[in-house]
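Here the structure is laid out as C-alpha cells; the discussion comes afterwards.
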Amino acid sequence: MKKITLFIAAAALFIAADVSAQMTMVRDGKAKSRIIVTTDQKPDSEAAVLLQDFVQRISGAVLPIVPADEVGKFLRKGDVLIGNGMTDTLYDVSESQEGEKVLKEDGFRLLTGDGRLRIAGGCDKGSIYGVVTLLEKYLGVSYWGENEYSLTKSRDVVLPEIDEIDNPAFRYRQSQFYGMRNDPVYKLWMRLEEPAEMFAGSYWVHTFDKLLPSSRYGVEHPEYYSYFGGKRHPGKASQWCLSNPEVFEIVCERIDSIFKANPGRNMISVSQNDGNFTNCQCDACKAIDEYEGALSGSVIHFLNKLAERFPDKEFSTLAYLYTMQPPKHVKPLPNVNIMLCDIDCDREVTLRENASGREFVEAIEGWSKITDNIFVWDYGINFDNYLAPFPNFHILAENIRLFHDHGANMHFSQIAGSRGGDFAEMRTWLVSKLMWDPSRDTEELMQEFLEGYYGAAAPYLYRYIKVMEGALIGSGQRLWIYDSPVSHKRGMLKPELMRRYASLFDMAEKAVADDSVALARVQRTRLPLLYSELEIARSEKNMDMQELAAKLDWFESQVKRFEVPTLNERSNSPVEYCELFRSRYMPREEKSLAEGASVIFLDEPGSAYASLGKTALTDGLFGGAGFVEGWIGWEGKDASFVIDLGQVKEISSIESDFLHQLGAWVLLPTQVSYEISSDGENYKEAAVKDLPEDRSAKIQFVSVRHDFDAPVPARYIKVNVTGTKTCPHWHYGVGHPCWFFIDEVTVL
C-alpha cells in the first residue's frame, strides 16, 4: 500500500460557519440532506450507502444518494459530500510542512461549513472510516459484534459544527472475529483489513512452497531446498536454498505472473514455511548467515534481490522463530516489509517484563534501526483452547504502543476470535480501537464496551476480569499460546477463585434477567469458565459424578445454543468434546488393574516429564488436548517401560493411550508392542501393533489395545514404542526430531 499524504485546506473548502451553526440532516422523519458521491471510487460509494443505511435506522428517513455529475455546481444546505471530488482545494503536501496536518492512508476529515458536511479521505478507505466516526461520535451509534449494535432512534438528525482530522497509527490493521464472515458492516466499522485486500493472489505468509512447489521440483531438484543434517530436505514444509541462483530466477518468473494476474495488488509475501531451524545450512547459505550474525541474513539478501528486480512492488517476509533477530550488515530495501512475529513470548505481562518478551523487544529494536517498514504479528490467543480464559487485556495497549513506537506501520493482532471464545467480541473491538489509536486508555475502553454490550451486568464482568488478572500475575504462572486450564488449577483457576468467578457470573445473569439479549451475551461469555471447570474436573480424583454430569450436559446445551464451531485451531468440535468427555474421562465400569502401579523406565522420557511419568501413566486419569498436562513424552527416539502390577494378576487386555497433535510436532508412533512376565526377567511377546501414518490436523486420542483370547497371568507388562523420531517431508518440522506422547496404560 503506497503511502499518500493529502491536505484539505479548510478555509478554502467552505466559508467559515458561525460558532453556533448546526446542520440538519433529518427533521421530523423527513430527509433534509442529500448524499453526494463526488468520485467514482468504490470506497466513497460504500461510505455513502453506510451513511444512508444508518441514518435510516435512526430516523426512518432515506437520504438520497446522488452522483456528482447530476448535481453540477449547485449545492444545497444540508448536502453531504463524500470523497475528494468537486473541489480544487485538495493539495499534495509534504508531511514536514509546518502547521499543516496531512491525511494519510485510511485517514479522513470531517468538516461542516456553510450548512454542508464534507467527508474526505486519504487513499483507500478513508471516507468509509470518516462515516463510521460520524455515526459513532456524533450520531450515537455503537457497533459491538456480529450484527450487534446499539443506537437511539430519533426523528431529527442534527450535526454540530465539526472540523476533525484523524489518521490511523498503522496503515494496515488486521485481527480476527467470527462475525466478519457474515457481517460485512462489522469489518468496516472495526476498520479492519484482510490479507486478500492487500496481498497479490492472497500470497500471505508461509509462501515458499506455494511459490516453488516441492511436489513439482522436489524430486528432480532437491538442491533447491534446505540442506542440514547431511542431506537436502525437499518437502511441502521445506525452506529454500536461498543462495541457489536457479531458485531466484524461478521465483522471479512466478512472482511476475502472479502480479500480472492480480492487477492493482502490488504486494506479495515471499516468506519461509512454518517450522523452526529448518533453514538451509549449505556452505553458501551458512556463510551469509554467519557473516550477518543472524539466520535472517540469507533471507534479507534474497528479498533485496527481488526488491531490485521489481522496484515498483512490495515484498513482505517473515521474521519468525529462527529469523526473528535482524542481520548485522545488510539492510532491507524500502520495498521489503519485515513481518516480525512474537510467537514465542509469554502473555501474563507485557513484552518488556519477562525474558521471552525482552528477546522480542531486542529484535524489534534491532529491526527498527535498519528499516521503517515493519509489520508486527502479535499473538493474543490460546491455539489449543479457544474456550479458556485468557486474561491479557492489561498488556494489549502497552504492547501495541511498543510496536508503534518502534516504527511498525502494519499490525496483525491475532486473538481468539472464535464464537464463544473468551470475551471474543470485546477483544476484537478493543484491539481495533488501539490499532487505530494506541494512546487510548484500555480501562476506559473496557468500561465503555462492557456497559454498552452487557448493560447492567457490566460491573460484575469487570470485577471478574480484574480478579482473574490479579490472580494470574500473583500466581507467577506463565500465560502462553498453547495453554491449558489445568495448568492454572493451582493459580488463577484454583477452587477458591473459581467459586468467586461463578458467583460474579451468577450476579451478572441476575442483573440482566429481564433483558434476553444481554442475558444471552452474559451466558455465552460464561462458556470459558464452564469449559475450565470441566477440564480441571477431568484432571482430579474423587469427582462428584452427578454434579459433573450435570455441568457437562449444561455446557453441551450451551455450545449448541450458541453454535460454537470449534475448541481450537485444529477445528475440534465442542459437541464432540462432550461426547468424548463421557467416554474418556468419566469413570469406566471396570477399574484398571494398573491403577496406582509403579512404572520402571527402560528409556527415560524427556527431562520435563521424568518425575510426572512415575505416576501419570497409571493414575487413572487421561490427558487432554494439550501436551502440557498429564502426558509423558519422548523426543526423537523409541521407548520402553515396565508396569509393575505388584503381584501376579489375571489380565484380559492391555491398552495404551497416545496423543496426535501435529501442530505441536507430536506424531503417533509407528509401532507399539506388549510383553508380559510373571518374574520381571522372562518376558513373552503378547502383541505387536502397527500404526498407520496420520496427516490429519485435528487433535486426536489414539488407543492401542490388545485383547487376549483368554485371561493370562502377569505381574509385569513391558510397553515398547517405536517412535516416528523425525518429522517427515510433509510436516513443517521436516528433518527435525518429533515427539510421541503417552498417558494412561490400562490393564483389565
Side-chain angles (χ1 to χ4, degrees), residues 591-623 627-661 664-694 700-708 711-728 733 736-748:
K591 182 178 179 180
S592 171
L593 298 175
E595 189 166 336
S598 62
V599 180
I600 305 164
F601 289 116
L602 305 180
D603 298 292
E604 290 291 329
S607 59
Y609 306 98
S611 177
L612 178 65
K614 295 176 182 178
T615 56
L617 293 178
T618 58
D619 61 2
L621 301 173
F622 288 79
F627 64 91
V628 297
E629 47 83 17
W631 296 95
I632 311 303
W634 285 259
E635 182 185 25
K637 63 179 184 179
D638 301 331
S640 293
F641 57 87
V642 174
I643 305 293
D644 181 0
L645 301 180
Q647 64 184 56
V648 174
K649 299 180 180 181
E650 293 287 312
I651 66 173
S652 300
S653 66
I654 307 169
E655 182 178 8
S656 300
D657 185 51
F658 292 89
L659 176 66
H660 169 84
Q661 190 183 15
W665 296 26
V666 179
L667 279 67
L668 293 176
T670 61
Q671 188 180 86
V672 178
S673 67
Y674 299 124
E675 300 175 49
I676 58 174
S677 171
S678 294
D679 59 11
E681 294 183 5
N682 300 295
Y683 282 88
K684 177 183 178 181
E685 185 175 89
V688 177
K689 304 285 185 177
D690 293 318
L691 281 72
E693 182 180 76
D694 190 339
Q700 300 176 64
F701 308 110
V702 178
S703 169
V704 179
R705 177 170 174 146
H706 172 67
D707 291 296
F708 293 92
V712 297
R715 171 177 173 174
Y716 300 94
I717 299 169
K718 184 185 292 185
V719 181
N720 306 302
V721 183
T722 303
T724 300
K725 299 185 191 63
T726 302
C727 295
H736 285 269
C738 61
W739 291 82
F740 73 82
F741 278 88
I742 184 172
D743 183 13
E744 197 67 12
V745 177
T746 303
V747 179
L748 299 177

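All figures in this text were calculated on a predicted structure; none of them were measured in a lab.
Minimum heavy-atom separation, Val747 to Ala594: CG2-CB, 3.8 Å. Shortest non-hydrogen contact noted between Glu685 and Glu675 is CA-CG, 4.1 Å. Pairing each heavy atom of Ile651 with each of Ala714, the nearest pair is CD1-CB, 4.0 Å. For the residue pair Pro605 and Ile632, the shortest heavy atom distance occurs at CB-CG2, 3.7 Å. Closest of all the heavy-atom pairs between Asp619 and Ala616 is OD1-O, 3.1 Å. For the residue pair Lys637 and Glu604, the shortest heavy atom distance occurs at NZ-O, 2.9 Å.
Under the 3.5 Å distance criterion, the side-chain polar atoms of Glu629 are left unmatched by any main-chain donor or acceptor of Gly623. With hydrogens and angles ignored, the 3.5 Å screen pairs a side-chain donor or acceptor of Thr618 with a backbone N or O of Ala597. Between the side chain of Glu635 and the backbone N or O of Trp739, no donor-acceptor pair lies under 3.5 Å.
For residues 640-652, the set of pairs meeting the side chain to side chain donor-acceptor pair (under 3.5 Å) definition, not counting sequence neighbours, comprises Ser640-Asn720, Asp644-Arg715.
The shortest side-chain heavy-atom distance between Arg705 and Ser653 falls under the 4.5 Å cut-off. Taking the side chain as every heavy atom from C-beta outward, Asp638 and Asp603 never approach each other to under 4.5 Å. Considering only heavy atoms from C-beta on, Leu659 comes within 4.5 Å of Phe627 through its side chain. No side-chain heavy atom of Val745 sits less than 4.5 Å from a side-chain heavy atom of Val599. Within the 4.5 Å cutoff, side-chain heavy atoms of Pro728 are placed close to those of Leu667. Side-chain atoms of Phe740 and Leu691, non-hydrogen and from C-beta on, never get closer than 4.5 Å to each other. Taking the side chain as every heavy atom from C-beta outward, Val721 and Val704 never approach each other to under 4.5 Å. In this structure, the side chains of Tyr716 and Ile676 stay at 4.5 Å or more apart for every pair of heavy atoms.
The line from CG of Asp707 to CG of Leu748 is 8.5 Å long, rounded to the nearest 0.5 Å. Interatomic distance, Thr746 OG1 to Ile643 CD1, rounded to the nearest 0.5 Å: 10.0 Å. Note that OH of Tyr683 is 5.5 Å distant from NZ of Lys718, once rounded to the nearest 0.5 Å. To the nearest 0.5 Å, atom OG of residue Ser656 and atom CD of residue Glu744 are 9.5 Å apart. Of the inter-residue distances, the one linking Glu595 atom CD with Leu621 atom CG reads 7.5 Å to the nearest 0.5 angstrom. One finds the CG atom of Leu617 at 5.0 Å from the CZ atom of Phe641 (value rounded to the nearest 0.5 Å).
Ring centers of Phe741 and Tyr609: under 6.0 Å apart, within the cut-off.
For the salt bridge (charged side-chain N to carboxylate O under 4.0 Å, His left out) test, residues two or more places apart in sequence or in another chain that qualify with Asp657 are Arg584. Checked against ring pair (Phe, Tyr, Trp, His ring centres under 6.0 Å), Phe658 has no partners two or more places apart in sequence or in another chain.
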